[in-house]
Structure formats: C-alpha cells, structure tokens
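Some notes on the structure that comes next.
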Amino acid sequence: EARLEDAATKLGCGFGGLPPDAVAVGKVSPGTFAERNKIQTGYLLVALNGIEMKELNPERFREILKARPVRLRLQIPQSEEKEKIVKEVVKQENAVT
C-alpha cells in the first residue's frame, strides 16, 4: 500500500482501464511519488482509500485519485500475467493517441 498525503504532490503514474473493470498501472514517470514508492508498470490497482475497484465507477475513481490523502492498494501480478497486462495497457494507450 502506498499513501500520498501532500496535496501539492502528483502521483506520477497513469492507469489503463477504468473501474469497475480491472485497472493497471500503465506508466510511471521518473522522479515522482510513484517511482519513489516502487510502483511499476503492470501492477494492478486493487483499491483506493479502502474501496475496491469493482465498487467504483469511473467518475468516483477520478475524484479519489485527485483528492489527498489517497491510499493505493496494489497487487504485483505474476510475470506472465504482468506481461499480458502491460501489452493490454500499451494497446489501450495506442488506441487513445
């Protein structure tokens, strides 16, 4: 679990997917809170502030991410699962750009 309390500090990572579906870390910016807390691409976001992803809608998800403090509970997938997640996130990012 990572906890960000400082309102002036950005999280420094992007996500692929939106709740109530699976949400994974899509990218981590260098020198940010996410990098300092060893958050990596492909990690699964399980809960925000104790609320599981399956219980959130996209709007509430975005509100919680912007608010401080925010607690992120992450799950480190197995290597094969992580590779699949990273490919899916890249595919989503390419579809957007």
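Quick caveat, the model's predicted, so the values are computed rather than measured.
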- Would you indicate whether the side-chain heavy atoms of Phe15 and Leu65 approach each other to under 4.5 Å? yes

- Message: Could you go through Arg68 and Leu4, starting from their C-alpha distance and side-chain angles, then the distance that decides it, and tell me whether this counts as side chain to side chain contact (heavy atoms under 4.5 Å, CB included)?
- Response: CA-CA 7 Å; Arg68 299 294 182 265; Leu4 176 56; 3.0 Å; yes

Name each donor-acceptor pair under 3.5 Å that joins a side chain in residues 50-60 to protein atoms two or more places apart or in another chain, with its distance.
from	atom 1	to	atom 2	distance (Å)
Asn57	OD1	Glu59	N	3.1
Asn57	OD1	Arg60	N	2.7
Arg60	NH1	Glu63	OE1	3.1

- Query: How about Gln40 and Val28: do any of their side-chain heavy atoms sit closer than 4.5 Å?
  - Reply: no

- Task: Please name the pair of heavy atoms, one in Gly42 and one in Ala24, separated by the smallest distance, quoted to 0.1 Å.
- Result: O-CB, 4.5 Å

- Query: Minimum heavy-atom separation for Gly12 to Ala34, with atom names?
  - Reply: O-CB, 3.8 Å

- Item | Single-linkage hydrophobic cluster Leu18~Ile64, side-chain heavy atoms < 4.5 angstrom | yes

- Query: Do Leu72 and Tyr43 pass the side chain to side chain contact (heavy atoms under 4.5 Å, CB included) test, and can you show the C-alpha distance, the side-chain angles, and the key distance before you say yes or no?
  - Reply: CA-CA 11 Å; Leu72 293 83; Tyr43 281 17; over 6 Å; no

- Item | Non-hydrogen side-chain atoms of Thr32 and Leu11 separated by less than 4.5 Å | no

- Query: With a 4.0 Å cut-off, would you call Glu1 and Arg3 a salt bridge?
  - Reply: no

- Looking only at atom types and distance, does a side-chain atom of Arg71 sit under 3.5 Å from a main-chain N or O of Ala2, one as donor and one as acceptor? no

- Message: Is there a path of hydrophobic side-chain contacts, each under 4.5 Å between heavy atoms of I/L/V/M/F/W/Y residues, joining Val46 to Val25?
- Response: no

- Can you tell me how far SG of Cys13 sits from CG of Leu74, rounded to the nearest 0.5 angstrom? 7.5 Å

